[in-house]
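All chains are named by letter (A, B, ...) in the order of the sequence lines, taking the proteins before the strands, and each is independently numbered beginning at 1.
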Amino acid sequence: MARHKSGHPALRKLTAEFYARPAEKLAEELIGKILVRKWRADDGKTVEHRARIIETEAYVGEHDLACHAAKGRTARTEIMFGPAGFAYVYFIYGMYDMLNIVSGKVGDAEAVLIRGAVPVDGSTLDLSGPGKLTRAMHITRRDNGADLTGDDLFIVDDGAAKPVIVRTPRIGVDYAKQWKDEPLRFIDADFHRVRGSVPRFDISAQFGKVPP
DNA sequence: ATGTCGATTTAC
DNA sequence: TAAATCGACATC
């Protein structure tokens with residue numbers, strides 16, 4: 001692992017080549033990586049967020065009945081058919097924006113939904129859910145099509161050890177026939193907890209105690 | 001032109 | 001358990 005003179009591990013921005021793998025693989029690989037978001041506030045100041053990804057889901061193509069691309073190539077899904085390493089951000093439930101990373105080969109409509117993260121920038125943002133994550137990090141439909149090799153929205157590998165990963169079926173896709181049970185959701189085991197049927201995050205591994 | 005429904009979150 | 005809230009998509 002390359003290191004800076006400071007002794008800190010090098011921060012490597014993920015490349016288009018990195019994203020150009022099957023969504024199922026990318027979803028697992030993105031657990032533990034650092035999502036970086038920079039945006040310009042009204043007063044002109046640049047705000048930066050950094051958060052470790054702890055939950056993802058893979059949407060694996062047109063044959064995946066839970067994938068938006070199962071409805072074919074439309075204005076909305078077009079981005080997923082293109083090259084990997086671009087953001088697919090869509091609006092849902094009249095309220096929330098969902099962040100996905102396009103993956104796989106051109107022509108294969110695959111993407112990875114970013115469902116949860118924990119701040120590593122000293123903030124106390126609640127990023128425990130795909131809608132809450134985008135709202136907190138100011139990611140919206142305006143970011144649809146954003147190039148993840150750019151400077152406003154990208155992911156870095158901080159060289160941390162690969163986390164232990166838990167796989168489960170995806171959330172909220174009960175309509176997807178046989179695809180609803182496919183284990184395409186990936187969670188950092190240190191943050192996995194089930195309270196009833198609602199996914200929650202256990203931060204005890206990081207802070208030494210269970211939240212209320 | 002109109003109706004259905006959702007890759008969620010929050011409140012009751 | 002249900003409301004909020006609106007764009008995408010299917011259908012007429």
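Between E28(A) and K162(A) there is a salt bridge, with a side-chain nitrogen of the basic residue lying less than 4.0 Å from a carboxylate oxygen of the acidic one. Salt bridge present: K13(A) and D151(A) bring a charged side-chain N and a carboxylate O closer than 4.0 Å.
Among the heavy atoms of the strands lying under 4.0 Å from R76(A) are primed sugar atoms or P, OP1, OP2 only; no base atom is included.
The phosphate of dT8(B) has OP1 or OP2 within less than 4.0 Å of a side-chain N or O from R115(A). At least one side-chain nitrogen or oxygen of K132(A) sits closer than 4.0 Å to the OP1 or OP2 atom of dT10(B). Taking 4.0 angstrom as the limit, T74(A) places none of its side-chain polar atoms (N or O) nearer than this to OP1 or OP2 of dA8(C).
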Using a cutoff of under 3.5 Å, can you pull out all pairs of nitrogen or oxygen atoms linking the protein to nucleotides 2-7 of chain C, with atom names and distances?
| unit_1 | atom_1 | unit_2 | atom_2 | d |
| --- | --- | --- | --- | --- |
| dT5(C) | O2 | Y93(A) | O | 2.3 |

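Each of dT8(B), dG6(B), dC9(C) was ranked by its minimum atom distance to the side chain of Y175(A); first place goes to dG6(B).
Taking 3.5 Å as the limit, the base of dA7(B) and the side chain of H68(A) contain a donor-acceptor pair of atoms between them. The base of dA8(C) does not come close enough to the side chain of Y90(A) for any donor and acceptor atom to sit less than 3.5 Å apart.
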Dot-bracket, DNA chain B: Watson-Crick or G-U, under 3.5 angstrom, [ ] crossing, | other strand?
||||||.||||.
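Below 30°, between 30° and 60°, or above 60°: for W39(A) and H138(A) the angle between ring planes is below 30°, a parallel geometry.
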